[in-house]
Chemist: 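Quick one: the structure is below, and I'll ask about it shortly.
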Amino acid sequence: MSIALVILAAGKGTRMNSDLPKVLHPIAGAPLLHHAMRTGAALEPERTIVVAGHQADQVQAAALEFDHTAEVLMQTEQLGTGHAVDQAREALKGFKGDVVVLFGDTPFLKPETLERMIAARRHHDVVVLGFDIAQVQPRYGRLVMDGDRLAKIVEYKDATEEERQIRFTNSGLMACDATLLFDLIANLSNNNASGEYYLTEVPELANARGAKVTAVKCDEAETLGVDSRKDLAGAEAIYQKNARTALLEDGVTLTAPDTVFLSFDTAIGRDATIEPNVVFGPGVTIESGATIRAFSHLEGCHVSRGTMVGPYARLRPGAELSEDVHIGNFVEIKNAQIGTGTKVNHLSYIGDATLGAGTNIGAGTITCNYDGVMKHHTHIGDNVFIGSNTMLVAPVSVGNEAMTGSGSVITKNVPDTALALSRAEQTNKPGVALKLFEMLKKKKQKLISGAK
């Protein structure tokens, strides 16, 4: 059966107190919308439709960034969940299959849960996702069951006292045959305090037609929505806790788990070690046996087996570290390939560069890659020794087994096995330092006296 996802992402999120649409606020480095789209993608949908409203251009850009085939439709007025889904009516005209309705601000839904909903659809016309609450709360609508049949969804304020004691509550998510769903939506009523059209009415309408309606249960944690900054912080904490636990179970050592922050796509191999206060941005892969030392920040990079990074190191997008590389304290690597066994141990910047195997980069080395307009490349060969405080003015190359003297400014290519020196001749002027200090002290005293 073909599947069309309809992801509701039109809300402004007033309680977020932000110019950014609610669904674009990030959890683990990815917008809430991407989390919803990633879960839905597990169903291999034929169509993915995102219903946008507030700041629709930004929502569209984010949706297409994740899936260039996504279709973004506009809900100019926010008149309830039923009205939002109805915006997909024309786009899905003639579509033969199931519509699965998701929320763009619900990041923790599991793919297995959606698969169970689709499995239930084989025997029922409408499937609603619900969860059991630990204690009675007025916030949620109740799922009134008759055996495995979902009789109706009743809001707490409209429920009888008996119905209010029901713990099985509505998540808002739904799977239904496309034709039936839009037929039912056409009959929704807005006879309520808000004057809006709600999907919660769909099960009762379906039952009235003799359709088969049921509900599938998931953990309450999967249905957590994000409506405020407090919710966002709470969701981030939940995500990080779950991600850290998964790494520990997969054989990764986290010496202080609560201080490590992971991205939605962080991949770390078994027997890797992550020390305290490490932050992973998007796009990081760490191979087995690597060590990331304390207070390092990594983004868009790959670290191979046996490599050590940090402490206090920064790996930026495009950093590719081969096996047994050492990247030390206060070193920044950007868009650079570092060969096997090479060391960049202290206070250096390597950007837009290729470094061969077995090379040593001295402290204070900088690849001067930017001329104010263009970026240029530096190539350093195998078994090279770069002296401390060397400036490599790109584009430039240093051949295999070559060497640069400390304090050199390298502006020309260095052949294999050559020593490159580029320093001004040192001149010592006897007694001048003492005279200069005396002159500066008098000038300072004069300034102080004048200020008084």
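Side-chain atoms are counted along with the backbone in the values below, which use heavy atoms only and exclude waters and symmetry mates.
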Chemist: Quick one: does Ile133's side chain get under 4.5 Å of Arg142's, heavy atoms only?
Modeler: yes

Chemist: Does any non-hydrogen side-chain atom of Gln87 lie less than 4.5 Å from one of Met74?
Modeler: no

Chemist: Is it true that a side-chain atom of Asp146 and a backbone atom of Arg149 form a donor plus acceptor pair closer than 3.5 Å?
Modeler: no

Chemist: Donor-acceptor check, side chain of Ser171 to backbone of Leu129, threshold 3.5 angstrom: yes or no?
Modeler: yes

Chemist: State, to 0.1 Å, how close Thr113 and Cys218 come at their nearest heavy-atom pair, and which atoms those are.
Modeler: CG2-CB, 3.8 Å

Chemist: Just wondering, do Val260 and Phe280 contact through their side chains at under 4.5 Å, heavy atoms?
Modeler: yes

Chemist: Nearest heavy-atom pair of Asn207 and Ala151: which atoms, and what distance?
Modeler: ND2-O, 2.9 Å

Chemist: Between the side chain of Asn329 and the main-chain N/O of Pro311, is any donor-acceptor distance below 3.5 Å?
Modeler: no

Chemist: May I ask you to decide if Phe108's main-chain N or O and Thr39's side chain share a donor-acceptor pair within less than 3.5 Å?
Modeler: no

Chemist: Provide the closest heavy-atom pair for Ala41 versus Leu5 in the form atom of the first, atom of the second, distance.
Modeler: N-CD1, 4.2 Å

Chemist: I'd like to know whether Ile27 forms a side-chain contact (heavy atoms from CB on, under 4.5 Å) with Leu32, so could you lay out the CA-CA distance, the side-chain angles of the two residues, the decisive distance to 0.1 Å, and finally the verdict.
Modeler: CA-CA 6 Å; Ile27 295 291; Leu32 291 167; 3.4 Å; yes

Chemist: Short question: side chain of Glu222, backbone of Lys110 - any donor-acceptor pair under 3.5 Å?
Modeler: yes

Chemist: Could you note down all residue pairs passing side chain to side chain donor-acceptor pair (under 3.5 Å) where residues 301-313 supplies at least one of them, sequence neighbours left out?
Modeler: Glu287-His302

Chemist: So, Thr169 side chain and Gly141 main chain: donor-acceptor pair closer than 3.5 Å or not?
Modeler: no

Chemist: How long is the span from the CG atom in Leu102 to the CG atom in Leu8, to the nearest 0.5 Å?
Modeler: 8.0 Å

Chemist: For residues 160-211, which residue pairs qualify under ring pair (Phe, Tyr, Trp, His ring centres under 6.0 Å), counting only residues two or more places apart or in two chains?
Modeler: none

Chemist: Using side-chain heavy atoms (C-beta onward) and a distance below 4.5 Å, is Arg229 in contact with Ser18?
Modeler: yes

Chemist: I'd like to check Glu236 versus Gln240 (side-chain heavy atoms, cut-off strictly below 4.5 Å). Are they in contact?
Modeler: yes

Chemist: List in chain and number order the residues that pass side chain to side chain contact (heavy atoms under 4.5 Å, CB included) with Ile118, two or more places apart in sequence or in another chain; answer none if no residue qualifies.
Modeler: Ile3, Leu43, Asp98, Val100

Chemist: If a pair satisfies ring pair (Phe, Tyr, Trp, His ring centres under 6.0 Å) and one of its residues is in residues 331-358, list it, with sequence neighbours excluded.
Modeler: none

Chemist: Kindly say whether Leu199 contributes a backbone atom to a donor-acceptor pair with the side chain of Thr81 at under 3.5 angstrom?
Modeler: yes

Chemist: Just so I know, are the side chains of Asn413 and His379 near enough to count as touching, which here means a heavy-atom distance under 4.5 Å?
Modeler: no

Chemist: Is it true that, when you exclude Lys96 itself, more than 12 heavy atoms of the residues, nucleotides or ligands shown sit nearer than 6.0 Å to its NZ?
Modeler: no

Chemist: Run the side chain to side chain donor-acceptor pair (under 3.5 Å) test against Arg314 and tell me which residues pass, sequence neighbours left out.
Modeler: none

Chemist: Only pairs under 3.5 Å count here: list side-chain donor-acceptor contacts from residues 245-254, not counting sequence neighbours, and write none if there are none.
Modeler:
residue: Thr245; atom: OG1; partner: Lys241; partner atom: O; Å: 2.9

Chemist: For Arg209 and Leu184: C-alpha separation, side-chain torsions, deciding distance, then whether side-chain contact (heavy atoms from CB on, under 4.5 Å) applies.
Modeler: CA-CA 10 Å; Arg209 291 194 180 192; Leu184 295 172; 3.8 Å; yes

Chemist: Quick one, His124 and Leu150 - any side-chain contact, counting heavy atoms below 4.5 Å?
Modeler: no

Chemist: Does anything in residues 10-69 form a ring pair (Phe, Tyr, Trp, His ring centres under 6.0 Å)? List the pairs, not counting sequence neighbours.
Modeler: His34-Phe66, His35-Tyr239

Chemist: Tell me the closest heavy-atom pair linking Pro203 and Val128, and the distance in Å.
Modeler: CG-CG2, 4.0 Å

Chemist: How many angstroms lie between OG1 in Thr342 and CD1 in Ile380, if you round to the nearest 0.5 Å?
Modeler: 9.0 Å

Chemist: Roughly how far, to the nearest 0.5 Å, is the OG atom of Ser296 from the CD atom of Glu275?
Modeler: 8.0 Å

Chemist: Sequence neighbours left out, what passes side chain to side chain contact (heavy atoms under 4.5 Å, CB included) with Ala159? Give chain and number order.
Modeler: Val154, Glu163, Arg164

Chemist: Mark yes or no for whether Ser228, through its side chain, and Asp231, through its backbone, hold a donor-acceptor pair below 3.5 Å.
Modeler: yes

Chemist: Looking at residues at least two apart in the chain, or sitting in another chain, which of them share a ring pair (Phe, Tyr, Trp, His ring centres under 6.0 Å) with Phe131?
Modeler: Tyr140

Chemist: My understanding is that only residues two or more places apart in sequence, or in another chain, count here; which of them pass side chain to side chain contact (heavy atoms under 4.5 Å, CB included) with Cys301?
Modeler: Val284, Leu298, Leu315, Ala319

Chemist: Would you indicate whether the side-chain heavy atoms of Ile7 and Ile49 approach each other to under 4.5 Å?
Modeler: no

Chemist: Could you measure the distance from the CG atom of Leu33 to the CD atom of Gln58? Nearest 0.5 Å is fine.
Modeler: 12.0 Å

Chemist: If you measure from OG1 on Thr340 to CG on Asp324, what distance do you get to the nearest 0.5 Å?
Modeler: 7.0 Å

Chemist: Sort out for me which residue in Glu161, Arg167, Glu162 forms a side-chain hydrogen bond (donor to acceptor under 3.5 Å, both in side chains) with Gln165.
Modeler: Glu161

Chemist: In Å, rounded to the nearest 0.5 Å, how long is the span from NZ of Lys217 to CE of Met145?
Modeler: 9.0 Å

Chemist: Apply the side-chain hydrogen bond (donor to acceptor under 3.5 Å, both in side chains) test between His377 and each candidate in Asn369, Asn335, Thr354, Asp352; give the one that qualifies.
Modeler: Thr354

Chemist: I need the full list of ring pair (Phe, Tyr, Trp, His ring centres under 6.0 Å) pairs touching residues 83-105, with sequence neighbours left out, sorted by first then second residue.
Modeler: none

Chemist: Should we count CG of Asn191 as having more than 12 external heavy atoms under 6.0 Å?
Modeler: no

Chemist: In chain order, what residues pass the side chain to side chain donor-acceptor pair (under 3.5 Å) check against Asp86, with sequence neighbours excluded?
Modeler: Arg89

Chemist: Please say whether more than 12 non-hydrogen atoms of neighbouring residues, nucleotides or ligands are located less than 6.0 Å from NZ in Lys343.
Modeler: no

Chemist: Got a donor-acceptor contact below 3.5 angstrom from the Ser288 side chain to the Arg270 backbone?
Modeler: yes

Chemist: Assess whether side-chain contact (heavy atoms from CB on, under 4.5 Å) is satisfied between Arg121 and Asp177, documenting all intermediate values.
Modeler: CA-CA 8 Å; Arg121 256 287 293 134; Asp177 171 78; 3.8 Å; yes

Chemist: So, for Asn187 and Leu205, which heavy atoms are closest and what is the spacing to 0.1 Å?
Modeler: O-CD1, 3.9 Å

Chemist: Please walk me through it: do Ile361 and Val384 pass side-chain contact (heavy atoms from CB on, under 4.5 Å)?
Modeler: CA-CA 8 Å; Ile361 304 297; Val384 173; over 6 Å; no

Chemist: Quick one: closest heavy-atom pair of Ala120 and Val216, and the distance?
Modeler: CB-CG2, 3.8 Å

